Each structure stands twice: as structure tokens, then as C-alpha cells.
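Okay, handing you the structure first.
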Amino acid sequence: MKTISLFLLLIIATYNVSAQEVETPTVAKEGTFQFIIQDAKGEPAFTTDILILIEERRLQSEDVVIKLSEKIDIYIPSRNKINAKDYLPLELIQQ
């Protein structure tokens with residue numbers, strides 16, 4: 001009887017693990033961050049990984065600046081700022 005109970009418990013646990021949804025990372029939306037480029041020509045190419053990094057680094061009430069390279073920083077306004085009614089989306093690039 002213990003073997004059957006243990007077997008059923010194992011099946012239920014396996015089902016629960018496989019039934020859980022995989023959480024997709026949040027990606028920053030355009031207008032909620034800005035590349036600050038110094039002495040550069042052209043526009044930076046960026047991947048979804050950078051958009052995920054932006055959201056991971058975004059703080060609730062403080063703006064953040066991430067140094068991406070020697071000439072490129074990313075400005076990330078706080079959640080409070082981008083959720084404000086009077087928030088104006090940022091240009092993608094500031095030179």
C-alpha cells in the first residue's frame with residue numbers, strides 16, 4: 001500500500017511540475033529607455049537581451065544609468081516616472 005501511495009504522489013508531483021508555466025522575462029517598451037551616445041555615428045544595434053536587462057535594472061522610484069560601452073550609456077527612468085499620467089516617451093537616442 002505504501003508503494004502505491006508513493007507512486008501516486010510521484011505522478012502528481014511530476015504533473016504539477018510539468019503543468020507550471022514558464023515565465024517569460026519582461027522586455028522594456030520603446031519610449032521607456034534611451035541610449036545616450038557620445039561621438040558615435042549611426043544607431044546602436046540591440047537585442048532582446050538588452051531590453052530584458054533594462055527591465056531587470058529598472059527601479060521603482062529611482063532613475064538608473066547603465067554604462068553599456070565606452071561611448072554608450074542607457075538611461076532608464078523609474079517605474080513611477082514611466083507610469084505617471086504626464087509621462088512623455090523618450091526618443092530612442094540622445095547624442
Side-chain angles (χ1 to χ4, degrees):
M1 184 68 171
K2 286 184 180 180
T3 306
I4 292 173
S5 297
L6 184 59
F7 181 72
L8 288 175
L9 184 62
L10 181 61
I11 289 174
I12 291 170
T14 304
Y15 175 77
N16 284 340
V17 169
S18 64
Q20 291 177 355
E21 292 182 27
V22 176
E23 201 173 301
T24 41
T26 305
V27 236
K29 295 177 183 170
E30 193 168 328
T32 66
F33 63 93
Q34 185 175 60
F35 288 98
I36 302 169
I37 303 175
Q38 300 165 14
D39 301 328
K41 297 174 183 169
E43 295 186 7
F46 58 93
T47 64
T48 305
D49 292 339
I50 292 201
L51 300 178
I52 293 169
L53 174 71
I54 290 168
E55 279 307 312
E56 288 175 346
R57 297 282 181 93
R58 189 182 308 276
L59 299 177
Q60 188 64 41
S61 58
E62 282 183 55
D63 298 342
V64 176
V65 176
I66 298 173
K67 185 140 196 83
L68 198 59
S69 70
E70 185 179 314
K71 295 186 179 188
I72 301 175
D73 295 331
I74 303 175
Y75 167 68
I76 307 169
S78 69
R79 284 188 178 85
N80 290 347
K81 195 174 279 186
I82 65 173
N83 291 325
K85 290 181 182 181
D86 61 345
Y87 178 73
L88 297 173
L90 299 169
E91 293 292 323
L92 181 61
I93 298 172
Q94 174 190 336
Q95 292 192 9

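What you see is a predicted model; the values in this text were computed from it and never measured.
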(request) Look at the side chain of Gln34 and the backbone N and O of Glu91, then say whether any donor-acceptor pair between them is shorter than 3.5 Å. (result)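 Pair found, side chain donor or acceptor close to backbone of Glu91.
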(request) Report whether Ile36 and Phe33 are members of the same hydrophobic cluster (ILVMFWY, side-chain heavy atoms less than 4.5 Å apart, transitive linking). (result)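 Shared cluster, no.
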(request) Calculate, to the nearest 0.5 Å, the distance between atoms CD1 and CD1 belonging to Ile74 and Ile72 respectively. (result)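 Going from CD1 on Ile74 over to CD1 on Ile72, the span is 8.5 Å.
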(request) Mind listing the closest non-hydrogen atom pair of Tyr87 and Thr32 along with its distance? (result)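 Taking Tyr87 first and Thr32 second, the nearest heavy atoms are OH-CA, 3.6 Å.
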(request) May I have the step-by-step check of side chain to side chain contact (heavy atoms under 4.5 Å, CB included) for Leu92 and Phe35, ending in yes or no? (result) CA-CA 6 Å; Leu92 181 61; Phe35 288 98; 3.9 Å; yes
(request) Please report the shortest heavy-atom distance between Thr26 and Glu55, naming the atom on each side. (result)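 Closest heavy-atom pair between Thr26 and Glu55: O-CB, 3.6 Å.
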(message) Run Asp73 and Gln38 through side chain to side chain contact (heavy atoms under 4.5 Å, CB included) and show every step you take.
(response) CA-CA 9 Å; Asp73 295 331; Gln38 300 165 14; 4.1 Å; yes
(request) For atom CD of Glu70, decide whether the heavy atoms of other residues, nucleotides or ligands shown that lie under 6.0 angstrom number more than 12. (result)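 Check fails, neighbour count at 12 or below.
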(request) Measure the spacing between CD1 of Ile50 and CZ of Arg57 and express it to the nearest 0.5 Å. (result)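 Spacing of CD1 (Ile50) from CZ (Arg57) equals 11.0 Å.
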(message) Nearest 0.5 angstrom please: Ile54 CD1 to Ile76 CD1, how far?
(response)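 Ile54 CD1 to Ile76 CD1: 5.5 Å, rounded to 0.5 Å.
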(message) Please check this pair: side chain of Arg79 against backbone of Arg58, looking for a donor-acceptor N/O pair closer than 3.5 Å.
(response)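 Yes; judged by distance alone, with no hydrogens or angles, the pair exists.
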(message) Is there a continuous path of hydrophobic side-chain contacts, each under 4.5 Å between heavy atoms, that joins Val64 to Ile37?
(response)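 Yes; tracing contacts between hydrophobic side chains, which count when under 4.5 Å, links both residues.
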(request) Locate the shortest heavy-atom distance separating Ser78 from Ser61; write the atom from each residue and the value. (result)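 Distance-wise, the nearest heavy atoms are CB-C, 3.6 Å.
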(request) Indicate the atoms forming the closest heavy-atom contact of Leu90 with Pro77, along with that distance. (result)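 In this case the closest contact between Leu90 and Pro77 is CD1-CG, 3.8 Å.
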(request) Provide the closest heavy-atom pair for Thr48 versus Val27 in the form atom of the first, atom of the second, distance. (result)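 Of all heavy-atom pairs spanning Thr48 and Val27, the closest is CG2-CG1, 3.7 Å.
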